[in-house]
Visitor: 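Just dropping this structure here.
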Amino acid sequence: MATVAELKAVLKDTLEKRGVLGHLKARIRAEVFNALDDESEPRPSLSHENLLINELIREYLEFNKYKYTASVLISESGQPVVPLDRQFLIRELNAFEESKDDTM
């Protein structure tokens, strides 16, 4: 019969292989940040440049499926919850969009 320590090790290994453990840790971190966030303290206003930079970071995080990290960024930075329009970003950054895979 397996010991409790062996069962814990197998469970941890299984959750890591499935990618669940990483998601759980990220989710817990995001929830802790949300719980600690003092909403009574006003956020400094975002400059136009920081708004664009944060939006690019958000797009990167969401593209790579770092949704909990993105939620912490939005919460801490004061970035609008609704993403900026992609065409607006392209115009503001003088970028161009590749038509085959919708990347900038």
Visitor: Looking at S75 and V72, would you say the former's side chain and the latter's main chain have a donor-acceptor pair under 3.5 Å?
Guide: no
Visitor: Grab the two heavy atoms, one from P80 and one from L51, that are nearest each other, plus how far apart they are.
Guide: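 That would be CD-CD1, 3.7 Å.
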Visitor: Going hydrophobic residue to hydrophobic residue with side-chain gaps under 4.5 angstrom, can you get from I28 over to V20?
Guide: no
Visitor: Against R58, only a single residue in L84, I53, I74 fulfils side chain to side chain contact (heavy atoms under 4.5 Å, CB included); can you say which?
Guide: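 Only one option passes, and that is I74.
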Visitor: Which is it for V10 and E6 under the side chain to side chain contact (heavy atoms under 4.5 Å, CB included) test, yes or no, and what are the steps along the way?
Guide: CA-CA 6 Å; V10 169; E6 291 170 335; 5.5 Å; no
Visitor: Run L56 and L52 through side chain to side chain contact (heavy atoms under 4.5 Å, CB included) and show every step you take.
Guide: CA-CA 6 Å; L56 290 173; L52 294 175; 5.6 Å; no
Visitor: So, taking the atom named CD in E62 and the one named CD1 in I57, what distance separates them when rounded to the nearest 0.5 Å?
Guide: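 So the gap between those two atoms works out to 12.5 Å.
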Visitor: Identify, with sequence neighbours excluded, every residue that meets salt bridge (Lys or Arg N to Asp or Glu O under 4.0 Å) alongside R27.
Guide: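 Per chain and number, R27 pairs via salt bridge (Lys or Arg N to Asp or Glu O under 4.0 Å) with E31.
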Visitor: Using the rule that Ile, Leu, Val, Met, Phe, Trp and Tyr join whenever any side-chain heavy atoms are under 4.5 Å apart, tell me whether Y68 and V32 fall into a single cluster.
Guide: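 The answer is no; the residues belong to distinct hydrophobic clusters.
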Visitor: Are L73 and T69 close enough that some pair of their side-chain heavy atoms sits under 4.5 Å apart?
Guide: no
Visitor: Once rounded to the nearest 0.5 Å, what's the spacing between atom NE2 of H23 and atom OH of Y66?
Guide: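 So the NE2 of H23 and the OH of Y66 are separated by 10.5 Å.
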Visitor: Can you tell me how far apart CD (E55) and CG (N50) are? Round to the nearest 0.5 Å.
Guide: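 Between atom CD of E55 and atom CG of N50 there are 12.5 Å.
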Visitor: Kindly compute the distance separating NZ (K12) from CG (L7), expressed to the nearest 0.5 Å.
Guide: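 It is 15.0 Å, given to the nearest 0.5 Å.
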Visitor: Picking from L89, N54, N64, what satisfies side chain to side chain contact (heavy atoms under 4.5 Å, CB included) with E59?
Guide: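 Of the listed residues L89, N54, N64, the side chain to side chain contact (heavy atoms under 4.5 Å, CB included) partner of E59 is L89.
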